[in-house]
Undergrad: 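Submitted below is the structure of interest, expressed as structure tokens.
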Amino acid sequence: MVHLQENGYAVETQEITNWDRLAQIRHDHGIPQEAGGCHTATIEGYTVEGHVPADIIDRLLTERPDIRGVTVPGMPVGSPGMEGPNPVAYNVYSVDHAGQLKVFETRTP
């Protein structure tokens, strides 16, 4: 959230402690469970799941691909909000309307 705010995004948060509810929210937005992260957001008709860098969201909103959204599954060290020693390479995936994943961009430390 702080990363997005620092990059000019207005963020409205809603704490959800019921994991079944979070799974339902992902499902409702077409994000496969295996592609889940710990945050789900919507912006301009897209779903953003997990620790997606702000510049990827910028790219998404500029290019406007015909997809449901983007996701960073899990919580890879080095992604926004997960800074720390020993960052790892990770993929940002696009999620199409059938729920299929495709690498949208790879991030390397």
Side-chain angles (χ1 to χ4, degrees):
M1 175 177 77
V2 172
H3 170 74
L4 294 179
Q5 290 170 324
E6 289 175 346
N7 283 277
Y9 286 94
V11 178
E12 181 180 321
T13 61
Q14 185 178 47
E15 293 283 328
I16 297 174
T17 57
N18 179 327
W19 291 108
D20 290 335
R21 177 69 182 121
L22 185 56
Q24 185 63 49
I25 290 168
R26 281 191 204 110
H27 174 71
D28 291 349
H29 290 284
I31 303 297
Q33 289 306 310
E34 68 272 12
C38 55
H39 308 284
T40 304
T42 58
I43 185 168
E44 296 185 24
Y46 290 106
T47 300
V48 177
E49 178 71 23
H51 292 256
V52 176
D55 66 308
I56 297 289
I57 298 170
D58 295 342
R59 177 180 163 203
L60 178 70
L61 297 177
T62 298
E63 294 179 6
R64 307 225 35 103
D66 185 20
I67 59 174
R68 286 188 177 265
V70 291
T71 182
V72 173
M75 298 187 299
V77 176
S79 62
M82 296 300 298
E83 295 83 4
N86 306 313
V88 298
Y90 64 93
N91 290 323
V92 179
Y93 295 93
S94 63
V95 182
D96 71 15
H97 295 285
Q100 299 299 307
L101 303 177
K102 181 179 175 185
V103 175
F104 192 71
E105 190 167 310
T106 299
R107 289 297 168 103
T108 55

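What you see is a predicted model; the values in this text were computed from it and never measured.
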Undergrad: Once side-chain contact (heavy atoms from CB on, under 4.5 Å) is applied, do any residues pair with A54, and if so which ones, sequence neighbours excluded?
TA: H3, L4, N7, Y9
Undergrad: Are V2 and I56 connected in the hydrophobic side-chain network, where two residues link if heavy atoms are under 4.5 Å apart?
TA: no
Undergrad: Return the minimal non-hydrogen interatomic distance between G78 and P87, and the atom names on each side.
TA: CA-CB, 3.8 Å
Undergrad: Would you mind listing every ring pair (Phe, Tyr, Trp, His ring centres under 6.0 Å) that reaches into residues 52-78, with sequence neighbours excluded?
TA: none
Undergrad: Given 3.5 Å as the limit, does a donor-acceptor pair link the side chain of T47 with the main chain of G69, or not?
TA: no
Undergrad: Answer yes or no: does atom CG of N86 have more than 12 heavy-atom neighbours from other residues, nucleotides or ligands under 6.0 Å?
TA: no
Undergrad: What's the shortest heavy-atom distance between P32 and G30, and which atoms?
TA: CD-O, 3.4 Å
Undergrad: Taking side-chain contact (heavy atoms from CB on, under 4.5 Å) as the definition, give me every residue that meets it alongside P65, ordered by chain and number, with sequence neighbours left out.
TA: Y46, L60, E63, I67, F104
Undergrad: Once ring pair (Phe, Tyr, Trp, His ring centres under 6.0 Å) is applied, do any residues pair with H39, and if so which ones, sequence neighbours excluded?
TA: H51
Undergrad: So do V88 and P109 actually touch side chain to side chain, heavy atoms under 4.5 Å?
TA: no
Undergrad: Nearest 0.5 Å please: distance from the CD1 atom of I57 over to the CD atom of E44.
TA: 11.0 Å
Undergrad: Please identify each residue that fulfils salt bridge (Lys or Arg N to Asp or Glu O under 4.0 Å) with E12, with sequence neighbours left out.
TA: none
Undergrad: State yes or no: do V92 and I43 share one hydrophobic cluster built from I, L, V, M, F, W and Y residues joined by side-chain heavy-atom distances below 4.5 Å, directly or via other members?
TA: yes
Undergrad: Taking side-chain hydrogen bond (donor to acceptor under 3.5 Å, both in side chains) as the test, write out the residues that go with T40, two or more places apart.
TA: E49
Undergrad: Tell me every residue that passes side-chain contact (heavy atoms from CB on, under 4.5 Å) with D20, counting only those two or more places apart in sequence or in another chain.
TA: N18
Undergrad: Would T71 and L101 count as a side-chain contact (heavy atoms from CB on, under 4.5 Å) here? Give the steps.
TA: CA-CA 9 Å; T71 182; L101 303 177; 4.3 Å; yes
Undergrad: Supply the members, apart from I16, of the Ile/Leu/Val/Met/Phe/Trp/Tyr cluster built from side-chain contacts under 4.5 Å; use none for a lone residue.
TA: I25
Undergrad: Under 3.5 Å, is there a donor-acceptor pair between the side chain of E83 and the main chain of G81?
TA: yes
Undergrad: Check which hydrophobic residues are tied to M82 through side-chain heavy-atom contacts below 4.5 Å, counting indirect links as well, and list them.
TA: M75
Undergrad: Is a side-chain N or O of R26 found less than 3.5 angstrom from the main chain of G37, in a donor-acceptor match?
TA: yes
Undergrad: What pairs with P85 under side-chain contact (heavy atoms from CB on, under 4.5 Å), at least two apart in sequence or on another chain?
TA: none
Undergrad: Once side-chain hydrogen bond (donor to acceptor under 3.5 Å, both in side chains) is applied, what residue pairs with a partner in residues 89-100 remain, sequence neighbours excluded?
TA: D66-H97, N91-Y93, N91-T106
Undergrad: Any side-chain heavy atom of V70 sitting closer than 4.5 Å to one from V95?
TA: no
Undergrad: With sequence neighbours left out, write down each residue that passes salt bridge (Lys or Arg N to Asp or Glu O under 4.0 Å) with R107, or none if nothing qualifies.
TA: D55, E105
